[in-house]
Amino acid sequence: MTTSSNGTFDRTPLIAGNWKMNMDHVQGITLLQKLAWTLDDARHDFSRVEVAVFPPFTDLRGVQTLVHGDDLKVHYGAQDLSEFDSGAYTGDISGAFLSKLGCAYALVGHSERRTIHRETDEVLNAKTKAAYRHGLVPVLCVGEGLDVRQAGQHVEHTLAQLRADVDGLTAEQAATLVVAYEPVWAIGTGEVAGPEDAQEMCAAIRAELATIFGLEAAAAARLLYGGSVKAANAAAILGQPDVDGVLVGGASLDPAEFASIVRFESHAGA
Ligand SMILES: O=C[C@H](O)COP(=O)(O)O
């Protein structure tokens, strides 16, 4: 993030691919290699549009080796982390381990963790703090289900999640935070929120961050949209003033499609 000459913030767009529980460690390397080749062929400028992938835990060591060995500019992160640092927490993964593997980010509170694993906002607040404790940037996922949207309570619901999950952070931490707005009804369904829906929520999230942490931190934080993003709809969503990136699920498993989303500027207005 830089400050432009007119004093406003230029937030580097972040295109993030969440592989979910897809791609074993061999498949993951192949996928990342194909993505890197495609972006290399297109002479992608990684300083202009940042790219990050979120593979399963078991892929991370291989991803680290490939990224470092081939000097790839792709960042990577984990899909979850423990709220604890070490100890008798069978099956959990410490942020310290992720940091040591070169992760830049960790997803926190993806709706699949909130629903399937019943993660509460209290736990997610602890995970957000754990990420910062270990030098990871949390990509905090928030968003409403269909019933809440139909009741017209989506903004209130999402901001309540946000407030609880960022409680106790410093303004300095909030300035680096990434928040992904993912309406649950749009995840993996082919239903995509319209660009104006994404903008409405991202503007509300930024305003809430400003109330809690101040204008400067809110202007610096990056806000993503997620839910059935594809190359065909990415440019319109990313054209919204408060949308600084996208969190892509299914389409991130296809390297050509994901690379096309990364290159959204080349088909803006098409
Ligand atoms: O983390 C990604 C989101 O859950 C969106 O997934 P999707 O692009 O398959 O709808």
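The structure presented is a predicted model; accordingly, all values stated were derived computationally and were not measured. Start at 1 and go down the list; that is how both ligands and their atoms are numbered.
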Subject >> His44/Val51 under side-chain contact (heavy atoms from CB on, under 4.5 Å): CA gap, chis, key distance, verdict >> reply: CA-CA 10 Å; His44 177 65; Val51 182; 4.0 Å; yes
**OP:** Could you tell me whether some N/O pair between Val248 and ligand 1 is separated by less than 3.5 angstrom?
**Re:** no
Subject >> Residue-ligand contact Ala251/ligand 1, heavy atom below 4.0 Å >> reply: no
Original post:
Hey, does Gly226 come in under 3.5 Å of ligand 1, counting only N/O atoms on both sides?
Top reply: no
Subject >> Gln79/His110 under side chain to side chain donor-acceptor pair (under 3.5 Å): CA gap, chis, key distance, verdict >> reply: CA-CA 8 Å; Gln79 297 175 15; His110 190 280; over 6 Å; no
Original post:
Near Ser228, which atoms of ligand 1 are under 4.0 Å from a heavy atom of that residue?
Top reply: 7 (P), 8 (O), 10 (O)
**OP:** Check Val248, Leu39, Val229 against Phe258 for a side chain to side chain contact (heavy atoms under 4.5 Å, CB included) and give me the one that passes.
**Re:** Val248
Original post:
By number and element, which atoms of ligand 1 are closer than 4.0 Å to a non-hydrogen atom of Gly188?
Top reply: 7 (P), 9 (O), 10 (O)
Subject >> Polar contact flag for Glu112 and ligand 1 (N/O pairs, less than 3.5 Å) >> reply: no
Original post:
Atoms of ligand 1 less than 4.0 Å from Gly227 heavy atoms?
Top reply: 5 (C), 10 (O)
Original post:
With clusters built from Ile, Leu, Val, Met, Phe, Trp and Tyr whose side-chain heavy atoms come within less than 4.5 Å, directly or transitively, what are the remaining members of the cluster of Leu14, listed by chain and number?
Top reply: Phe54, Tyr105, Leu107, Val137, Val139, Val178, Leu224, Leu247
Original post:
So, does Lys20 sit close enough to ligand 1 that a heavy atom of it is under 4.0 Å from the ligand?
Top reply: yes
Subject >> atom 2 (C) of ligand 1 [closest protein heavy-atom partner, distance rounded to 0.1 Å] >> reply: Glu182 OE2, 3.2 Å
**OP:** Please identify which atoms of ligand 1 are closer than 4.0 Å to at least one heavy atom of Asn18.
**Re:** 1 (O), 2 (C)
Original post:
Should the proximity of Ile187 to ligand 1, defined as any heavy atom under 4.0 Å, be assigned to the side chain, the backbone, both, or neither?
Top reply: both
Original post:
So, does Gln161 use its side chain to make a donor-acceptor pair with the main chain of Gly143 at under 3.5 Å?
Top reply: yes
Subject >> Contact partition for Ala186 relative to ligand 1, non-hydrogen atoms under 4.0 Å >> reply: backbone
**OP:** Give the residue, atom name and distance (to 0.1 Å) of the protein heavy atom nearest atom 9 (O) of ligand 1.
**Re:** Gly250 N, 2.8 Å
**OP:** Please determine if Arg48 and Glu265 form a salt bridge, counting it only when a charged side-chain N lies under 4.0 Å from a carboxylate O.
**Re:** yes
**OP:** Report yes if some N/O of His110 lies less than 3.5 Å from some N/O of ligand 1; otherwise report no.
**Re:** yes
Original post:
Does the distance from a Lys or Arg side-chain N to an Asp or Glu carboxylate O, for Arg163 and Asp121, drop under 4.0 Å?
Top reply: no
Subject >> Side-chain (Glu156) to main-chain (Gln153) donor-acceptor, under 3.5 angstrom >> reply: no
Subject >> For atom 8 (O) of ligand 1, the protein heavy atom that lies nearest, with its residue and separation >> reply: Gly249 N, 2.9 Å
Original post:
When you look at Glu144 and Tyr181, which way does the side chain to side chain donor-acceptor pair (under 3.5 Å) test go after all the steps?
Top reply: CA-CA 9 Å; Glu144 82 287 355; Tyr181 167 56; 2.9 Å; yes
Original post:
Yes or no on salt bridge (charged side-chain N to carboxylate O under 4.0 Å, His left out) for Lys127 and Glu119, after CA distance, side-chain angles and deciding distance?
Top reply: CA-CA 10 Å; Lys127 289 191 174 194; Glu119 292 187 358; 2.8 Å; yes
